[in-house]
Amino acid sequence: MRSTSLQKVFDNKLDLYFLLFFVLQPFIDMYKAFWGDTLQLGPFAVEELLNLLLVLFLLIPTVLRIAREKQGRSTVKYIVYFALIGLYLILHSINIHQFDQRLFPGSSVNFITETYYIFRVYIIPLLLLCIIWQNGIEDKTFYLAAKIVVLTLSGIIVATNLLGISLVAYSVDNQWIKGGFFSWFTLDPTQSQSQLQLYTSKGWFYSANQISALLFSLSPIIVLETIRKTTLPHVLLLCLQVISMVMLGTRTASIGCILVIGAMLVIAVFLHLVKLEKVRLLRVVPVLLLAAVLGGTLNYFTPVQQGKRAESQKVPEDRPNADISVDEIENNGGAPGIYSFADYLDKYAYNYYINPWFLDIYPVSADQEFWKAVVSRDRNLNVNNRVFKQEMLERITQRNNRWQDRLVGIGYTTNVPYTERDYVYQYYIFGVLGSLLLMGPFIAALLYAAYKILRNLKKKLTLENCAVGMALSCMLTMAYLSGHVFGIVINMLFMSLYAAKLLLNVRKEETR
């Protein structure tokens, strides 16, 4: 039976290519973690070029199919949309070259780098969305791909954690964990957060935040499969995913998996009660509750949570005021070792809750007025690094003083700091027009599908549509809350898959 089922999936060659493409993504991510950019063909990193070639390979039969079937409407709408992107790229390029690079010392505006970045990170996933939407993807292929990817991601995270050979979740330089799961129960929770984070695991993957968002978005699909087929393999896969998300230690992963299980359980019970779905509640409810309890219990013992509980019992220590004020420096001509405002901030940045990294990338010499305003205001406003980055971007944009920046953006190659809130960051680098063209289709797909479902609840309000819609919503929500979705290739590709599948489901149910 299993071989027959798989054979049906593989009967469609394009479906087989879709399956291999998505199953390959975790391995590309692992390559990037250890060897990214080390092997290149001309200006292209091998891992980037591979994805480009794979999508273009899928594009060729799609274009031939549209031409063969003489789909005039499809051709026109695709031509118009991508022509608008082309026009945007021209306007964007003209504008970024008007950016005053003296405003931000780290900027290196470059048309080729900028265009290539947009092409590989945004246009390729958009092409993939169109390809899947145009050709369709079998349900079995979609769910098989999701399960293999989750098994790969979660299996590697859990296995490397238990073996003590995982990378630390928040390590930039591929630092190995200090201890695995069994070390959690003997930790000293009064250690600093930086020490406790040495026990969090991201497996052998490039970024904990990126993998957290991906696993979070895949969790509704795995829960759906567990509800529909409450077999031992599905239950074990769900539990494996829950454990791996807790091991990651990010708030998205550890809390997200529990929230998704709870939401899917509520939806399943509701649809069963209103007779829109048949759900074996006596089997499903205990399994999902068990998975949620497993996640909640393990999360309680994670190093990060232990540290937070210990920290909450301490009396908060306020940082002392600077020994001298800025006015004293300027009025008295300096102080021992301090001869300028820049010297003053180098010494007293800590007292003002200023991250020293901000002074490195946006030094006082670049904008003394900005930094004087920072030290003159309530110090607590400097604590949130994400907000501080946003203020910095707003200040740079204001100083560049071009209304076109708001429309088409100042550009990725200005190298302004990433805000960890995608919609904010993309607004500054791509402007309103770029954000709508490059991110809008994913949001539009969700809104359009929701509209279609609401118009025909009886046929379209299904557990499957809720799960796929939730997967896409997880990505779009995380883009706002913690970022690392838009502009991240692996997450953009899976977001294309969710959006296309949701649109296909709506269309499929209309033709039944």
Side-chain angles (χ1 to χ4, degrees), residues 25 48 51-52 55-56 58-59 77-97 99 109-134 210 213-214 217 390 393 397 404-449 472-500 502-503:
Q25 294 310 310
E48 296 172 356
N51 271 333
L52 290 176
V55 173
L56 292 177
L58 291 167
L59 180 63
K77 67 185 179 184
Y78 292 140
I79 290 173
V80 169
Y81 173 66
F82 286 105
L84 286 173
I85 290 182
L87 177 60
Y88 164 76
L89 288 175
I90 294 171
L91 297 174
H92 180 65
S93 175
I94 293 170
N95 190 62
I96 65 175
H97 280 89
F99 180 78
V109 174
N110 183 287
F111 167 73
I112 295 175
T113 304
E114 185 86 20
T115 304
Y116 176 59
Y117 170 77
I118 293 173
F119 183 76
R120 72 177 179 84
V121 174
Y122 290 92
I123 296 178
I124 286 295
L126 287 168
L127 283 172
L128 182 64
L129 194 164
C130 296
I131 290 167
I132 299 174
W133 158 249
Q134 192 63 38
Q210 294 172 20
L214 180 55
S217 69
Q390 185 175 334
L393 263 66
T397 305
Q404 295 93 332
D405 291 346
R406 307 290 180 178
L407 184 63
V408 295
I410 61 175
Y412 169 77
T413 52
T414 55
N415 294 325
V416 290
Y418 177 54
T419 60
E420 295 184 79
R421 282 189 173 167
D422 286 345
Y423 302 110
V424 173
Y425 178 67
Q426 267 72 14
Y427 162 71
Y428 283 106
I429 66 171
F430 296 138
V432 174
L433 184 58
S435 298
L436 288 174
L437 285 171
L438 301 176
M439 298 191 296
F442 300 100
I443 301 170
L446 182 64
L447 294 176
Y448 177 77
L472 182 55
S473 298
C474 285
M475 283 291 199
L476 295 175
T477 302
M478 293 320 303
Y480 172 75
L481 293 177
S482 60
H484 303 281
V485 174
F486 286 106
I488 305 301
V489 173
I490 189 169
N491 288 337
M492 294 286 290
L493 294 173
F494 275 88
M495 195 155 50
S496 298
L497 176 64
Y498 305 148
L502 190 58
L503 292 174

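What you see below is based on every heavy atom in this structure, not just the backbone, and it leaves out hydrogens, waters and symmetry mates. Residue indices begin at 1 and follow the sequence shown.
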Answer yes or no: is there a donor N or O on one side and an acceptor on the other, between the side chain of Tyr78 and the main chain of Leu127, under 3.5 Å?
no

Apply side-chain contact (heavy atoms from CB on, under 4.5 Å) to residues Val485 and Phe442 and explain how you reach the verdict. CA-CA 12 Å; Val485 174; Phe442 300 100; over 6 Å; no

Smallest heavy-atom separation, Leu493 atom then Asn51 atom, equals CD1-ND2, 4.0 Å

- Parallel under 30°, tilted from 30 to 60°, perpendicular over 60°: which one fits the rings of His92 and Tyr88? parallel

Practice prompt. Go through the steps for Val416 and Tyr428 under the test side-chain contact (heavy atoms from CB on, under 4.5 Å), then give the verdict.
Written response: CA-CA 9 Å; Val416 290; Tyr428 283 106; 5.7 Å; no

Residue set satisfying ring-ring contact (aromatic ring centres under 6.0 Å, His included) with Tyr480, at least two apart, ordered chain then number -> none

So CG of Leu91 and CG of Asn95: to nearest 0.5 Å the spacing works out to 8.5 Å

Rounding to 0.5 Å, atoms CD (Gln134) and CG (Leu58) come to a distance of 13.5 Å

CG (Leu84) and CD1 (Ile79) are apart, to the nearest 0.5 Å, by 12.0 Å

**Report entry** Main-chain N/O of Leu89 paired to Ser93 side chain as donor or acceptor, under 3.5 Å
**Finding:** no

Here the gap from Ile429 atom CD1 to Ile96 atom CD1, rounded to the nearest 0.5 Å, amounts to 10.5 Å

Minimal heavy-atom distance between Val121 and Ile488, with the atoms involved, is CG1-N, 4.2 Å

Minimal heavy-atom distance between Leu52 and Ile124, with the atoms involved, is CD2-CG1, 3.3 Å

Separation between CG (Leu502) and CG (Leu446), nearest 0.5 Å, reads 6.5 Å

Practice prompt. Could you check whether the rings of Tyr412 and Tyr117 sit parallel, tilted or perpendicular, using 30° and 60° as the cut-offs?
Written response: parallel

Distance col, row Tyr427:OH vs Ser435:OG, nearest 0.5 angstrom, shows 9.0 Å

side-chain contact (heavy atoms from CB on, under 4.5 Å) with Phe486: of Met478, Met439, Met475, only one passes, and it is Met439

Between Val109 and Glu114, does the side-chain contact (heavy atoms from CB on, under 4.5 Å) criterion hold? Intermediate values first, please. CA-CA 8 Å; Val109 174; Glu114 185 86 20; 5.9 Å; no

For Phe99, the ring-ring contact (aromatic ring centres under 6.0 Å, His included) test, sequence neighbours excluded, returns none

Hey, is the main chain of Ile490 close enough, under 3.5 Å, to the side chain of Gln25 for a donor-acceptor pair? no

Taking every heavy atom of Ile85 against every heavy atom of Leu126, the minimum-distance pair comes out as CD1-CD1, 4.2 Å

Hey, does the side chain of Ser217 reach the backbone of Leu214 with a donor-acceptor pair shorter than 3.5 angstrom?
-> yes

By salt bridge (charged side-chain N to carboxylate O under 4.0 Å, His left out), Arg421 pairs with (sequence neighbours left out) none

Closest heavy-atom pair, Asn110 versus Thr413, reported as atoms and distance to 0.1 Å, is N-OG1, 3.3 Å

Are the side chains of Cys130 and Tyr81 in contact, using a 4.5 Å heavy-atom criterion?
no

Could you tell me how the ring of Phe111 sits relative to the ring of His97: parallel (under 30°), tilted (30 to 60°) or perpendicular (over 60°)?
-> tilted

message = Whether the side chain of Asn491 engages the backbone of His484 through a donor-acceptor N/O pair (distance < 3.5 Å, no angle test) should be reported.
response = yes

Checking side-chain contact (heavy atoms from CB on, under 4.5 Å) for the pair Tyr425/Leu393: CA distance, chi angles, key distance, verdict?
-> CA-CA 8 Å; Tyr425 178 67; Leu393 263 66; 4.3 Å; yes

